[in-house]
Student: 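Attaching a single structure in structure tokens format; questions to follow.
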Amino acid sequence: MSVITRFAPSPTGRLHVGNIRAAIHNWLFARKNGGRFMLRIDDTDRARSEEGFVEAIRADLAWLGLSPDSEVRQSARFALYEAALERLHAAGRVYPAYETAQELELKRKVALGRGLPPVYDRAALALSDADRESLEAEGRSPHWRFKLDHGAPITWDDLVRGPQRFDPALLSDPVIRREDGSWLYMLPSVVDDVDMGVTHVVRGEDHVANTAVQVQMFAALGAASPAFAHEALLVGAEGKLSKRMGSLDLDALRAEGIEPLALLAKLARIGTSLAVEPVDSPEPLVAGFDFATFGRAPARFDVEELKGLNARIVHQLPYGSVAARLPEGMSDADWQAIRPNLKSVAEAADWWAILHGHVEAPAAPEDRDLIAAAAEAMEGLDWSGTPWADLVAGLKASTGRAGKALFLPLRRALTGRDSGPEMAAMLPLIGRDEAASRLRAALR
RNA sequence: GGCCCCUUCGUCUAAUGGUUAGGACACCGCCCUUUCACGGCGGCGAUACGGGUUCGAAUCCCGUAGGGGUCACCA
């Protein structure tokens with residue numbers, strides 16, 4: 001049986017590190033097993049879903065390189081849910097209920113106040129036909145609940161959490177359809193998983209209780225349950241589920257110069273026993289993917305760590321893969337010289353400007369003699385050899401300077417910066433005439 | 001409050017009753033580089049707490065504390 005996974009976001013907002021991680025794991029698992037990865041837009045909630053978010057989700061997945069093998073939208077599949085509801089109805093597994101949201105809220109508060117779990121009391125199940133008629137005569141119309149079977153514990157073997165066991169009596173019969181006919185998440189998800197042939201449901205542990213309910217729905221629909229993997233959630237660097245996590249959407253990360261590969265590597269392995277390390281393609285992540293490596297405790301996601309990984313990945317990015325994003329005319333040699341010093345690809349533009357643009361950095365009074373000597377030496381250097389090493393050797397002999405006192409003033413005069421890539425690599429790229437002119441400019 | 005999950009270096013984790021408690025990231029140091037960075041090498045650093053069981057406990061049991069999830073006419 002070939003593996004089919006799905007990523008099922010609702011288009012009510014941007015993707016963020018939490019759900020992207022689930023998307024990545026679904027994709028990796030499918031890739032590893034030669035299976036298919038599907039995108040399912042869970043847009044049953046018309047009021048909250050926005051087309052713009054659907055497009056953003058597609059764009060974000062594409063940026064990460066997680067191309068879905070197919071895409072479906074729940075809003076186009078209402079007939080399927082209708083048919084499933086009919087079947088459940090015929091099987092006596094759904095029933096109408098008439099409580100208002102306010103009434104249910106009150107019931108929950110009362111239960112909580114008495115130290116009881118706030119589970120729906122099934123009052124609607126006790127309604128007689130006459131009761132229902134009078135309720136509807138009052139103008140109330142029903143919403144529909146799925147009737148859980150309290151007969152036996154719900155169990156499944158979770159790929160991450162191991163054997164699971166739930167007492168159905170501690171769960172509320174879920175509302176699956178509103179009085180206005182709109183669908184809630186629970187049933188459509190099951191219907192689609194069956195219809196799409198999903199074999200593995202990989203999602204966050206915030207869904208475990210939903211899974212208990214859905215396991216009964218699969219059975220009630222006469223379908224086998226897929227395998228489930230519920231991964232522990234991510235928390236912010238402070239240890240709490242912070243608001244900052246919510247702000248971590250892909251735009252924010254892109255603005256920080258994060259490479260898709262870096263985010264992929266980080267999210268694929270955070271919370272697992274595998275090392276979070278730079279990769280030059282998704283292949284090692286695919287090859288190493290294994291639910292057995294997943295920890296069960298929430299892992300901390302720290303953007304600073306992501307930035308560090310990103311820098312290390314940038315340091316090994318080949319020219320060919322970044323050329324399109326580099327300043328016009330930037331050569332492979334330029335890239336090689338600059339690359340080890342970058343935190344993001346975007347910073348290459350700064351160094352491009354330093355290499356080939358205009359730099360004028362006045363020398364400090366105590367360094368003027370050194371800079372003057374350097375300017376003097378320019379003409380005589382062998383520019384096809386090792387001009388930087390020759391320059392420095394000559395200046396050391398003539399001025400007696402060494403180390404920082406020798407290097408820093410030269411770096412400043414030539415690049416306008418205190419730090420940066422290897423000068424030996426940059427000087428030839430700056431070129432003789434430009435270098436000479438910068439040194440003279442520093443003396444003005 | 002009920003139910004579920006979790007707690008090993010700062011962080012992510014390994015060690016399925018016997019290990020000098022291992023690795024990765026971070027940090028620190030050294031080397032390389034005639035500065036910074038990059039890179040290479042090395043070092044520091046942990047079993048939440050309290051009771052049991054056992055010849056022996058990070059590992060099994062009980063309790064305490066702490067963290068996460070869930071208990072929606074959101075997904």
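Throughout, protein chains are lettered first and strands after them, A, B, ... in sequence-line order, and every chain is numbered starting at 1.
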Student: Who is the Watson-Crick or G-U wobble partner of rA72(B), with both distances under 3.5 Å?
Tutor: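 Partner of rA72(B): none.
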Student: Could you give the distance separating rC28(B) and rC6(B) at their P atoms, to the nearest angstrom?
Tutor: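 It works out to 36 Å between them.
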Student: Do Asp131(A) and Tyr98(A) meet the criterion of a side-chain donor-acceptor pair at a distance under 3.5 Å?
Tutor: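 Absent: no donor and acceptor within the cut-off.
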Student: Using the six-membered ring of Tyr120(A), assess whether NZ or CZ of Arg145(A) lies under 6.0 Å from its centre and within 45 degrees of the ring axis.
Tutor: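 So Arg145(A) does make the cation-pi contact.
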Student: Starting at CZ of Phe53(A) and ending at P of rA75(B), how long is that distance when rounded to a whole Å?
Tutor: 16 Å
Student: Which one is paired to rG63(B), where only Watson-Crick or G-U wobble pairs with both distances under 3.5 angstrom count?
Tutor: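 For rG63(B), the partner nucleotide comes out as rC49(B), under the 3.5 Å rule.
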Student: Return the residues of residues 184-192 of chain A meeting this criterion: a heavy atom under 4.0 Å from some atom of RNA chain B. Order them by number, or give none.
Tutor: Leu184(A), Tyr185(A)
Student: Decide yes or no for Met330(A) and Ile338(A): does some side-chain heavy atom of the first lie under 4.5 Å from some side-chain heavy atom of the second?
Tutor: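 When only atoms from C-beta onward are counted, Ile338(A) and Met330(A) do touch, with a gap below 4.5 Å.
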Student: Could you please name the partner base of rA26(B), counting Watson-Crick and G-U wobble pairs only when both distances are under 3.5 Å?
Tutor: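 For rA26(B), the partner nucleotide comes out as none, under the 3.5 Å rule.
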Student: Using atom C1' in both nucleotides, what's the gap between rC61(B) and rG68(B) to the nearest angstrom?
Tutor: 24 Å
Student: Between rC49(B) and rU70(B), how far apart are the P atoms? Round to whole Å, please.
Tutor: 29 Å
Student: Between Leu104(A) and Ala393(A), just flag the one whose closest nucleotide in RNA chain B comes earlier from the 5' side.
Tutor: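 Its nearest nucleotide lies further toward 5', so the answer is Ala393(A).
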Student: Among side-chain atoms of Thr386(A) and Asp390(A), is any donor-acceptor pair under 3.5 angstrom?
Tutor: yes
Student: Quick test of your reading of the model: are Arg401(A) and Asp367(A) salt-bridged, counting only N-O distances below 4.0 Å?
Tutor: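 Salt bridge present between Arg401(A) and Asp367(A).
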Student: So, is the end of the Arg417(A) side chain (NZ or CZ) under 6.0 Å from the ring centre of Trp351(A) and within 45° of the ring's axis?
Tutor: yes
Student: Can you tell me the pairing partner of rU16(B) across any strand shown, Watson-Crick or G-U wobble, with both distances under 3.5 angstrom?
Tutor: none
Student: Which parts of residues 140-159 of chain A get close to RNA chain B, meaning a heavy atom less than 4.0 angstrom away?
Tutor: His143(A), Arg145(A)
Student: Check whether any side-chain N or O of Ser321(A) sits under 3.5 Å from a backbone N or O of Pro318(A) as a donor-acceptor pair, and report yes or no.
Tutor: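 It does hold such a pair.
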Student: Can the ring centroids of Phe146(A) and His89(A) be said to lie less than 6.0 angstrom from one another?
Tutor: no
Student: How far does the P atom of rG18(B) sit from the matching atom of rG2(B), given to the nearest Å?
Tutor: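 It works out to 36 Å between them.
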Student: Classify Asp180(A) by what it touches in the nucleic acid, base, sugar-phosphate, or nothing, heavy-atom distance under 4.0 Å.
Tutor: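 Nothing, no heavy atom under 4.0 Å.
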Student: Just the rounded figure in Å: distance from C1' of rA72(B) to CG of Asp121(A).
Tutor: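 Atom CG in Asp121(A) sits about 15 Å away from atom C1' in rA72(B).
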Student: Reckon His230(A) touches a base, only the sugar-phosphate, or nothing at all at heavy-atom distances under 4.0 Å?
Tutor: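 Counting heavy atoms under 4.0 Å across all strands, no contact is made by His230(A).
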Student: With C1' as the reference atom in both, quote the distance from rC5(B) to rG10(B) in angstrom, rounded to an integer.
Tutor: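 One C1' to the other, the span is 24 Å.
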Student: Roughly, in whole Å, what's the span from NZ in Lys307(A) to C1' in rC25(B)?
Tutor: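 Spelled out: NZ on Lys307(A) to C1' on rC25(B) is 16 Å.
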Student: What interatomic distance, in whole Å, is found between C1' of rU53(B) and the corresponding atom of rA57(B)?
Tutor: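 Pairwise C1' distance, rA57(B) against rU53(B), rounds to 10 Å.
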Student: Of all the nucleotides listed (rC73(B), rA24(B), rG1(B)), which has the minimum atom distance to the side chain of Arg178(A)?
Tutor: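 Of the candidates, rC73(B) comes closest.
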Student: Along nucleotides 38-48 of chain B, 5' to 3', which nucleotides get a B, which get an S, and which get a -, given that the test is a protein heavy-atom distance under 4.0 Å?
Tutor: S----------
Student: Which of the following nucleotides, rG1(B), rA75(B), rC73(B), is nearest to the side chain of Leu112(A)?
Tutor: rG1(B)
Student: Across the strands shown, which category fits Thr100(A) at heavy-atom distances under 4.0 angstrom: base, sugar-phosphate, nothing?
Tutor: base
Student: Mind checking Arg108(A) for me? I need base, sugar-phosphate or nothing, with any heavy atom below 4.0 Å counting as a touch.
Tutor: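 It contacts sugar-phosphate atoms only.
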Student: Identify whether any heavy atom of Glu105(A) sits under 4.0 Å from a base atom; if not, whether one sits that close to sugar-phosphate; answer base, sugar-phosphate or nothing.
Tutor: nothing
Student: So does Asn210(A) reach the base of rA75(B) with its side chain, donor to acceptor, closer than 3.5 Å?
Tutor: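 Counting by modelled atom types and ignoring angles, a donor-acceptor contact under 3.5 Å is found here.
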Student: Report which part of the nucleic acid Ala405(A) touches: base, sugar-phosphate, or nothing (heavy-atom distance under 4.0 Å, all strands).
Tutor: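 The answer is nothing, as Ala405(A) stays clear of every strand by at least 4.0 Å.
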Student: To the nearest Å, give me how far apart OH (Tyr81(A)) and P (rC73(B)) are.
Tutor: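 These atoms are roughly 20 Å apart.
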Student: Dump every N/O contact between nucleotides 3-12 of chain B and the protein below 3.5 Å, one line per pair.
Tutor:
{"from": "rC4(B)", "atom 1": "O2'", "to": "Arg161(A)", "atom 2": "NH1", "distance (Å)": "3.4"}
{"from": "rC5(B)", "atom 1": "O4'", "to": "Arg161(A)", "atom 2": "NH2", "distance (Å)": "3.1"}
{"from": "rC5(B)", "atom 1": "O3'", "to": "Arg296(A)", "atom 2": "NH1", "distance (Å)": "3.1"}
{"from": "rC6(B)", "atom 1": "OP1", "to": "Arg296(A)", "atom 2": "NE", "distance (Å)": "3.2"}
{"from": "rC6(B)", "atom 1": "OP1", "to": "Arg296(A)", "atom 2": "NH1", "distance (Å)": "3.4"}
{"from": "rC6(B)", "atom 1": "OP1", "to": "Arg296(A)", "atom 2": "NH2", "distance (Å)": "2.8"}
{"from": "rC12(B)", "atom 1": "O2'", "to": "Gly271(A)", "atom 2": "N", "distance (Å)": "3.1"}
{"from": "rC12(B)", "atom 1": "O2'", "to": "Thr272(A)", "atom 2": "O", "distance (Å)": "3.3"}

Student: Applying the Watson-Crick and G-U wobble criteria at under 3.5 Å, what pairs with rU54(B)? Answer none if nothing qualifies.
Tutor: none
Student: Name the pairing partner of rU8(B), where a pair is Watson-Crick or G-U wobble with both distances under 3.5 Å, or state none.
Tutor: none
Student: Take atom P in rC73(B) and the same atom in rG63(B), then report the distance between them in whole Å.
Tutor: 33 Å
Student: Using the P atom as the point on both nucleotides, what is the distance between rU59(B) and rA48(B), in whole Å?
Tutor: 8 Å
Student: Phosphate oxygens OP1/OP2 of rA75(B): is one of them under 4.0 Å from a side-chain N or O of Thr44(A)?
Tutor: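 For rA75(B), OP1 or OP2 has a side-chain N or O of Thr44(A) closer than 4.0 Å.
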Student: Have Gln216(A) and Arg93(A) got a donor and an acceptor in their side chains that come within less than 3.5 Å?
Tutor: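 A pair is found: one side chain offers a donor N or O, the other an acceptor, under 3.5 Å apart.
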Student: Is there a donor-acceptor pair under 3.5 Å between the side chain of Asp42(A) and the backbone N or O of Pro9(A)?
Tutor: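 Side chain of Asp42(A) to backbone of Pro9(A), a donor-acceptor pair under 3.5 Å: no, none is there.
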Student: Is it the case that over 12 heavy atoms from other parts of the model lie below 6.0 angstrom from the CD atom of Glu376(A)?
Tutor: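 No - once you tally the heavy atoms of other residues, nucleotides and ligands closer than 6.0 Å, there are 12 at most.
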Student: Tell me the partner of rC38(B), counting only Watson-Crick (N1-N3 plus N6-O4 or O6-N4) or G-U wobble (N1-O2 and O6-N3) with both under 3.5 Å; none if nothing fits.
Tutor: none
Student: So, are Glu55(A) and Arg58(A) salt-bridged, with charged N and O less than 4.0 Å apart?
Tutor: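 Salt bridge: no.
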Student: Distance alone, cut at 3.5 Å: any donor-acceptor contact between the side chains of His356(A) and Asp334(A)?
Tutor: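 Yes.
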Student: Keeping to residues at least two apart or across chains, list the ring pair (Phe, Tyr, Trp, His ring centres under 6.0 Å) pairs with something in residues 258-293 of chain A.
Tutor: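 Found His25(A)-Phe289(A), Phe29(A)-Phe291(A), Phe289(A)-Phe291(A), Phe289(A)-Phe294(A), Phe291(A)-Phe294(A).
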Student: Pairs in or reaching into residues 259-288 of chain A: which pass salt bridge (charged side-chain N to carboxylate O under 4.0 Å, His left out), with residues at least two apart or in two chains?
Tutor: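 Listed by first then second residue: Arg31(A)-Glu283(A), Glu259(A)-Arg325(A), Lys266(A)-Glu305(A), Arg269(A)-Glu277(A).
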Student: Grab the CG-P distance between Leu309(A) and rA26(B) for me, whole Å please.
Tutor: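 Those two atoms, CG and P, are 9 Å apart.
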Student: Taking the basic N atoms (NZ, or NE/NH1/NH2) and the acidic carboxylate oxygens, is any pair closer than 4.0 Å for Glu103(A) and Arg140(A)?
Tutor: yes
Student: So, Tyr95(A) versus Asp173(A): side-chain donor-acceptor pair below 3.5 Å or not?
Tutor: yes
